[in-house]
Number of protein chains: 2
Amino acid sequence: MNGTAPMYKATQRPEAEAQLRTLERLETVCRARGRRVTRQRRAVLRALLAEGGALTAYELLERLRVEDGRSTPAGVYRALEFWMAAGAVHRLESTRSFILCEHPEAPHPGQLLICRECGQVVETEDKGVAAAAHRLGEQLGFVLDRHLVELTGVCGSCRARGRAAEPGRRPA
Amino acid sequence: MNGTAPMYKATQRPEAEAQLRTLERLETVCRARGRRVTRQRRAVLRALLAEGGALTAYELLERLRVEDGRSTPAGVYRALEFWMAAGAVHRLESTRSFILCEHPEAPHPGQLLICRECGQVVETEDKGVAAAAHRLGEQLGFVLDRHLVELTGVCGSCRARGRAAEPGRRPA
DNA sequence: GCGCTGATTGATACAATATATCATTTCGCG
DNA sequence: CGCGAAATGATATATTGTATCAATCAGCGC
C-alpha cells in the first residue's frame, strides 16, 4: 500500500482540514435548530472523514467500537439518520453504505459516481442531469422530491492502471 | 401488506396480454442462450405481472408459497437474479423491491419514477437524462456501465386526489 | 446550583433483506 | 437411455435495519 505504489487514496487529505471546518459549521447549524451534536454523532462523522470513502453501517460500528465498546447498530443508524437529515451524509443505495457529503451547504439533488474498482465515490451537482430529471418528472406529471442518481463504472486512474497489470483491488 | 386493504390496484390490466407475449419472447431468448425458463422462474414473473407493481423478495415469496409451499428465499432471489440478468426485472434500490421491466427489449439505461403515495412505478428510457449522465461520466473520466436513476415524488393522480381528502395510502 | 423537560443514549431484542453450501433433481442433448 | 450442466430444495447463516423502553444527559428558567 505504499513505497512505489501510488498513494491514490490519500489518508492525509488536503481537504481534511476544510472538512473539519465544515464539521464545525454543521454543528453550529444544528444547534441553531435545537439539534444537538453529541459525542456519538461526532464520532460517526469523524470515522467517515477518516475513512475518506464509503462505509457500511456495520463497518462504521466496528470502528466506533474501538473507542467505545458500547456502540450499537441502533446508535450508528440513529447518528447516520441525523446527519443525513442535516445533509452531511449520503447513503449509497447501490452499495448500502454511507459517505460524507462533499457539499453540505447545497441541498440540491446530487449525483454519485462510483468506481467499482477502487470504491472511489465522486459527488457532483450537475445541472444537466438535475434539469433533465426534473423535466422528465414534469412530462409525466410527477412532482419529484427525491433524486437518486448513482452511476457506476470505472474511474480514470483505475482504467489506466488496469490496462497494464491485473487486480489488487478493493471494490467498496 | 394485509388482507383487509381495498383492492384498489387493478389485477386485470390491458397490458397483461402484451406482457405475456413478452414473456414468451423472453423465454425464447433465454433458451437460445442455453438458459432455462423453469416453473419457479415463470412463477416469479407471473407473480410480478399479476401484482402490476413492485414487490419485495419476501412479498413475492409469500405469493409463491400459496402455490408451492417449498419456495424459499434463496429460490426467489435466484429467480430474480436470473430475470434481472435477462433484463426482464428491475430492482428498485430505494424501496428494496422488484418490478417487471416494461421494455425488456431495450437494454438501455432507464429511469424509474416512483410515486410515494400509491406506489406506482413508471419506467422510462429518457434520452435527456441518459445523455446528461453519460456526459457527466465523461467529464469526470469515468466509463459508466450502470445507471441507477430513481426519482421519487407524487404522481398526478395522487396529487389530484390528495387535494381533496385525506390518506388511506399504501406507499410501496 | 436545582430541578424541569425533552432529546439522546444504552441495552436488548427482533425484523427485514440477502447469501452460502451441498445433496438432489431436472433438463437438454447426443 | 445416460451423461453433464443447470437448477432446485433444504438448511443455515450473514447482512442490514428497527422497535422498545428505561436510564441519562443537555439546555433552560429560576
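First the proteins, then the strands, lettered A, B, ... as listed; each starts at 1. All figures in this text were calculated on a predicted structure; none of them were measured in a lab.
- Looking at heavy atoms from C-beta onward, A:Val149 lies out of side-chain contact with A:Leu112 at the 4.5 angstrom threshold.
- The side-chain heavy atoms of B:Phe98 and B:Leu92, taken from C-beta on, include no pair separated by under 4.5 Å.
- Ion pairing between a basic and an acidic side chain is recognised when a charged N comes within 4.0 Å of a carboxylate O; B:Arg63 and B:Glu51 show such pairing.
- In this structure, B:Met84 atom CE and C:dT17 atom P are separated by 14 Å, rounded to whole Å.
- With a cutoff of under 4.0 Å to any heavy atom of chain A, the contacted region of DNA chain D is bounded 5' to 3' by D:dT16 to D:dA26.
- The end-to-end axis angle of the helix from C:dG1-D:dC30 to C:dG30-D:dC1, rounded to 10 degrees and based on five pairs per end, is 30°.
- Hydrophobic clustering (side-chain heavy atoms under 4.5 Å, transitive across Ile, Leu, Val, Met, Phe, Trp, Tyr) keeps B:Val154 apart from A:Leu144.
- Atom pair A:Leu64:CG and C:dT9:C1' shows a separation of 13 Å (rounding to whole Å applied).
- By the side chain to side chain donor-acceptor pair (under 3.5 Å) test, A:Glu123 pairs with A:His90, sequence neighbours left out.
- A salt bridge is absent between B:Arg65 and B:Glu67; no separation between the charged side-chain nitrogens and carboxylate oxygens falls under 4.0 Å.
- Projected onto DNA chain D by closest heavy-atom contact, B:Phe82 and B:Arg70 fall at different nucleotides, the more 5' of which corresponds to B:Phe82.
- Contacts of residues 36-45 of chain B with DNA chain C (heavy atom under 4.0 Å): B:Arg36.
- Linking Ile, Leu, Val, Met, Phe, Trp and Tyr whenever their side-chain heavy atoms come within less than 4.5 Å puts B:Tyr77 and B:Met84 in one cluster.
- Partner B:Leu140 forms a side-chain contact (heavy atoms from CB on, under 4.5 Å) with one of A:Leu151, A:Val122, A:Asp126 and no other, that one being A:Val122.
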Could you go through nucleotides 18-24 of chain C and list every protein N or O atom that sits under 3.5 Å from one of its N or O atoms, giving the distance for each pair?
| from | atom 1 | to | atom 2 | distance (Å) |
| --- | --- | --- | --- | --- |
| C:dA18 | OP1 | B:Arg91 | NH1 | 2.5 |
| C:dA18 | OP1 | B:Arg91 | NH2 | 2.6 |
| C:dA18 | OP2 | B:Tyr77 | OH | 2.6 |
| C:dA18 | O5' | B:Tyr77 | OH | 3.2 |
| C:dA18 | N7 | B:Tyr58 | OH | 2.7 |
| C:dA18 | N6 | B:Tyr58 | OH | 3.3 |

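- B:Cys118 has its side chain within reach of B:Cys155: a pair of non-hydrogen atoms, C-beta onward, lies under 4.5 Å apart.
- Atom-to-atom, CG of B:Leu61 to P of C:dA15 comes out at 16 Å; the value is rounded to the nearest Å.
- Within a 6.0 Å radius of CD in A:Glu81, no more than 12 heavy atoms belonging to other residues, nucleotides or ligands are found.
- The cluster map of Ile, Leu, Val, Met, Phe, Trp and Tyr, joined by side-chain heavy atoms under 4.5 Å apart, puts A:Leu148 and B:Phe142 in different clusters.
- The cluster map of Ile, Leu, Val, Met, Phe, Trp and Tyr, joined by side-chain heavy atoms under 4.5 Å apart, puts A:Val121 and B:Leu136 in different clusters.
- Here B:Arg78 pairs with B:Ala74 under the side-chain contact (heavy atoms from CB on, under 4.5 Å) rule; sequence neighbours left out.
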